[in-house]
Student: 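For reference, the structure I am asking about is given below.
Here the structure is a predicted model, which means the values were calculated and not measured. Each chain gets a letter, A, B and so on, in the order its sequence line appears, and its residues count up from 1.
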Number of protein chains: 2
Amino acid sequence: MSSLHDTPRGIPEVTVARLPGYLRALTTLADAGQESVSSESLAATSGVSPSMLRKDLSHLGSYGVRGVGYETSRLIAEISAALGLTRDWPVAIVGMGNLGRALAAYQGFAVRGFQVIALLDGDAEVVGTRIAGLDVQPMADLPALVTRSGLAIGVIATPPSAAQQCCDALVAAGVRSILNFAPTVLAVPPGVIVRKVDLATELQILAFHSHAQAHAAHAEVKGA
Amino acid sequence: MSSLHDTPRGIPEVTVARLPGYLRALTTLADAGQESVSSESLAATSGVSPSMLRKDLSHLGSYGVRGVGYETSRLIAEISAALGLTRDWPVAIVGMGNLGRALAAYQGFAVRGFQVIALLDGDAEVVGTRIAGLDVQPMADLPALVTRSGLAIGVIATPPSAAQQCCDALVAAGVRSILNFAPTVLAVPPGVIVRKVDLATELQILAFHSHAQAHAAHAEVKGA
DNA sequence: CACTGTGAATACCTTCACAGCA
DNA sequence: TGCTGTGAAGGTATTCACAGTG
């Protein structure tokens, strides 16, 4: 029943990755005053198929009502609980270059429960400067941040050459969840989870499709 | 043989998504002077299994030498060609809020072949202001950008409420590849490809794992 | 009756294991 | 001999189709 791709609580990784989308769709519906929603309608809003939505939700439990649908507020509560959004998650950003500063200034982290509590940099020149209302701290402060502030999530925004070293420092301090913006493959011990965000990769994937399409269009013209 | 998940040239979507990673690993190796690399070594650098790497590369053709490995420069050329990186891809960013400005300032787009040629905004107040060396243009300029500059990739960095409208404008102007930073599901006609980058989603996935781990640790303490 | 929850079927992706070739 | 390229096997994810139920 449970497999290698299942998470500790038996929820498949792919399902976990889709839950935030459902949560967002539900929040939108709830804000609009909808108290109940069918799998068909919620699936459409979330951009997935109704059967996939139902299968995903079935991993959390049976929170729907047959013949009716899902109670919006109930489902929001259940998904939030499953994702662990009932508590706050302190975040630290490591690397105050172009990207790090952009991330610090961008208010996208200030969503439900996530808060940037510290900015760090390995360069003594940068430490102590003030960015987006926070004093940049040295890497040596990491253990104290974990102990005192419960830091759980680290964001790596360093150049690729420094990423592994910063990752090691985060892991050594006790951070178990890392969001990596550096274009590098990070090596981490078991139990530490890394997710990667890479603009260059995304653009190259888009380029492939534009390229393929231009090709196809050209072939069509030649064939006609 | 070919399936629904295959791209026009018969390369599976998952493979396309991994090619940029191989390309980066290869570039690193080439810069270090390595002229040849085995699937085992390249796979390790790219963070995948050797068999997956070989299967992926086999979709592009037979560019390896049995008993030896892959010639670094040759493979770089072949993957670049497959991804369509042999030409330039002009990019426009739509939405000059917090995120859009951060993206415009961040030099992450300035990788091989990608160049931000225009910044756009729907707000007349913002149009005409200068950001990161470019004058912000009105949305009405989109068709001309596509015609005159060959704009092919649009980046949406607007608030979610404006995202669909901007997406429609991009599509109407002829843009077929969209990178969406807004937390919304975009509806697009067939032939248009959308990729999504969402910090909130990434953080929530990480929260799930931290949460699950805290749970597991707690259970262990109780059980002991 | 309408819609959920779920076994069964299908499609897809990854890994295995080895044939084939420099 | 050593490593690639690939059919076959195994495992995962998605869709189908319908039994179950408020």
Student: Check whether A:S41 reaches the backbone of A:V37 with its side chain - one donor and one acceptor, N or O, closer than 3.5 Å.
Tutor: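 Between the backbone of A:V37 and the side chain of A:S41 there is no qualifying donor-acceptor contact (under 3.5 Å).
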Student: Suppose the criterion is side chain to side chain donor-acceptor pair (under 3.5 Å): which pairs have a residue in residues 174-190 of chain B, not counting sequence neighbours?
Tutor: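 The answer is A:S210-B:S177.
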Student: Counting only N and O atoms by type, is there a donor-acceptor contact under 3.5 Å from the side chain of B:T15 to the main-chain atoms of B:I11?
Tutor: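 No, B:T15 side chain to B:I11 backbone: no donor-acceptor pair under 3.5 Å.
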Student: Nearest nucleotide by nearest heavy atom, which residue falls closer to the 5' end of DNA chain D, A:R54 or A:H5?
Tutor: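 The residue whose closest nucleotide sits nearer the 5' end is A:H5.
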Student: Looking only at atom types and distance, does a side-chain atom of A:S62 sit under 3.5 Å from a main-chain N or O of A:S58, one as donor and one as acceptor?
Tutor: no
Student: Given side-chain contact (heavy atoms from CB on, under 4.5 Å), test A:L26 with A:T45 step by step and report yes or no.
Tutor: CA-CA 9 Å; A:L26 282 164; A:T45 314; over 6 Å; no
Student: Ring pair (Phe, Tyr, Trp, His ring centres under 6.0 Å): which pairs involve residues 182-214 of chain B, sequence neighbours left out?
Tutor: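 Ring pair (Phe, Tyr, Trp, His ring centres under 6.0 Å) check on residues 182-214 of chain B returns B:H211-B:H215.
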Student: Measure CD/B:E13 against P/C:dC12 and give the value in whole Å, please.
Tutor: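 Taking atom P of C:dC12 as the reference, CD of B:E13 is at 13 Å.
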Student: Donor-acceptor pair, B:E35 side chain versus B:T72 backbone, under 3.5 Å?
Tutor: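 No.
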Student: Do any pairs count as a side chain to side chain donor-acceptor pair (under 3.5 Å) and have a residue in residues 151-160 of chain B, sequence neighbours left out, and if so which ones?
Tutor: none
Student: Of all of residues 14-27 of chain B, which get a heavy atom below 4.0 angstrom from DNA chain D, listed by number?
Tutor: none
Student: Under the side-chain contact (heavy atoms from CB on, under 4.5 Å) test, which residues partner A:E71, sequence neighbours left out?
Tutor: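 For A:E71, the residues satisfying side-chain contact (heavy atoms from CB on, under 4.5 Å) (neighbours in sequence not counted) are A:S73, A:R74.
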Student: Taking side-chain contact (heavy atoms from CB on, under 4.5 Å) as the definition, give me every residue that meets it alongside B:A104, ordered by chain and number, with sequence neighbours left out.
Tutor: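 Testing B:A104 for side-chain contact (heavy atoms from CB on, under 4.5 Å), a comparison that skips the adjacent residues, returns B:I93, B:L119, B:I131, B:A132.
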Student: Kindly state which residues belonging to residues 36-50 of chain A come within less than 4.0 angstrom of DNA chain D, counting heavy atoms of the residue only, listed by number.
Tutor: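 Contacts with DNA chain D under 4.0 Å: A:S49.
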Student: Please identify each residue that fulfils side chain to side chain donor-acceptor pair (under 3.5 Å) with B:R195, with sequence neighbours left out.
Tutor: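 Only A:E202 meet the side chain to side chain donor-acceptor pair (under 3.5 Å) criterion with B:R195.
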Student: By a strict heavy-atom criterion of less than 4.0 Å, which residues belonging to residues 60-80 of chain A are in contact with DNA chain C?
Tutor: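 Under 4.0 Å from DNA chain C: A:S62, A:Y63, A:G64, A:V65, A:R66, A:G67, A:V68, A:G69, A:Y70.
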Student: Which residues satisfy the side chain to side chain donor-acceptor pair (under 3.5 Å) test with B:S39, sequence neighbours excluded?
Tutor: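 B:S39 satisfies side chain to side chain donor-acceptor pair (under 3.5 Å) with B:R54 once adjacent residues are dropped.
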Student: Can you pull the contact range of chain A along DNA chain D, 5' to 3', using atoms under 4.0 angstrom from its heavy atoms?
Tutor: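 Both ends considered, the range comes out as D:dT12 to D:dG22.
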Student: Holding to side chain to side chain donor-acceptor pair (under 3.5 Å), I want the full list of residues that pass it with B:D168, two or more places apart in sequence or in another chain.
Tutor: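 Listed in chain order: B:Q164.
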